[in-house]
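First comes the structure, then the notes that go with it.
The shown structure was predicted, so the numbers you read here are calculated from the model rather than taken from an experiment.
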Amino acid sequence: MLELEMLNWLKQRIVDVIKWFADIFIVIFKALWDLVTDLFSWVFDQLMGLVVSALSAIDLGGLNNYNPQTGFTSEMLNIMGLLGVGEASAIIVTAIGIRLILQLIPFTRLGS
């Protein structure tokens with residue numbers, strides 16, 4: 001009878017130690033998870049700070065004559081025409097329209 005009690009006591013102690021290690025593992029995992037998410041947030045914050053610094057360093061002095069109510073200046077319209085912004089916008093809008101139309105046809109949703 002004494003041996004059975006000792007075995008039960010030993011079994012209970014082993015279970016307690018295993019539970020303690022499991023609890024420690026869970027706490028360490030949660031701490032590491034918080035560390036990784038904080039690290040990601042910190043890196044993202046630093047990157048956004050760099051972007052803000054880069055954007056504030058851009059000289060926008062050429063946009064002095066720009067008025068949103070009247071539209072773009074003639075120089076801006078000329079550059080946009082030379083770059084093909086109108087044609088590119090038409091191609092993109094057409095592609096989006098075709099994709100939306102294809103979504104209405106049965107069995108074509110698998111590929112788009």
Side-chain angles (χ1 to χ4, degrees):
M1 197 57 140
L2 184 60
E3 292 175 5
L4 186 61
E5 286 180 19
M6 285 186 68
L7 285 175
N8 285 338
W9 178 83
L10 183 61
K11 178 182 154 189
Q12 185 61 39
R13 294 300 162 245
I14 291 173
V15 168
D16 290 342
V17 168
I18 291 173
K19 185 181 179 304
W20 182 78
F21 276 118
D23 292 341
I24 290 291
F25 176 76
I26 291 171
V27 168
I28 290 173
F29 179 78
K30 286 181 180 178
L32 288 175
W33 181 260
D34 287 340
L35 181 72
V36 168
T37 55
D38 288 347
L39 181 66
F40 175 75
S41 298
W42 179 80
V43 168
F44 186 73
D45 183 48
Q46 295 300 315
L47 182 65
M48 289 298 112
L50 183 65
V51 168
V52 167
S53 298
L55 288 177
S56 65
I58 294 175
D59 181 27
L60 299 175
L63 296 177
N64 288 338
N65 296 333
Y66 176 69
N67 187 359
Q69 286 81 22
T70 61
F72 295 110
T73 62
S74 60
E75 293 87 7
M76 291 175 73
L77 290 174
N78 185 26
I79 295 298
M80 289 169 62
L82 292 174
L83 292 175
V85 172
E87 292 86 359
S89 300
I91 290 171
I92 291 170
V93 168
T94 304
I96 291 172
I98 290 172
R99 184 171 180 179
L100 289 174
I101 290 170
L102 284 176
Q103 290 292 324
L104 297 174
I105 301 171
F107 303 115
T108 59
R109 291 186 183 151
L110 300 176
S112 60

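Ionic pairing of Lys30 and Asp34 is not present here: no N-O contact between side-chain nitrogen and carboxylate oxygen is shorter than 4.0 angstrom.
Leu77 and Leu83 fall within the same hydrophobic cluster, defined by Ile, Leu, Val, Met, Phe, Trp and Tyr side-chain heavy atoms under 4.5 Å apart, directly or through other members. Criterion: ILVMFWY side-chain heavy atoms under 4.5 Å apart, direct or through other members. Under it, Leu32 and Phe21 are part of a common hydrophobic cluster. One hydrophobic cluster, built from ILVMFWY side chains closer than 4.5 Å, holds both Trp9 and Ile18. Val85 and Ile91 fall into different hydrophobic clusters, defined by Ile, Leu, Val, Met, Phe, Trp and Tyr side-chain heavy atoms under 4.5 Å apart, directly or through other members. Side-chain heavy atoms closer than 4.5 Å link hydrophobic residues (I, L, V, M, F, W, Y) into clusters, and following such links, possibly through other members, connects Ile24 to Leu35.
We find the CD1-CG distance between Ile14 and Leu7 to be 9.5 Å, quoted to the nearest 0.5 Å. For the atom pair CG (Asn8) and CD (Glu3), the distance works out to 12.0 Å, reported to the nearest 0.5 Å. Note that CG of Asp23 is 11.0 Å distant from CD1 of Ile28, once rounded to the nearest 0.5 Å. The CG atom of Leu104 lies 7.5 Å from the CD1 atom of Ile101; values are rounded to the nearest 0.5 Å. For the atom pair CG of Asp45 and CG of Leu50, the computed distance is 11.5 Å after rounding to the nearest 0.5 Å. Taking CG from Leu47 and CH2 from Trp42, the interatomic distance works out to 11.0 Å, rounded to the nearest 0.5 Å.
A 6.0 Å sphere centred on CD of Gln46 holds more than 12 heavy atoms belonging to other residues, nucleotides or ligands. At most 12 non-hydrogen atoms from other residues, nucleotides or ligands lie less than 6.0 angstrom from CE of Met6.
Between Leu39 and Val36, the closest side-chain pair of non-hydrogen atoms is not below 4.5 Å.
Side-chain polar atoms of Gln12 and Asp16 form a donor-acceptor pair below 3.5 angstrom.
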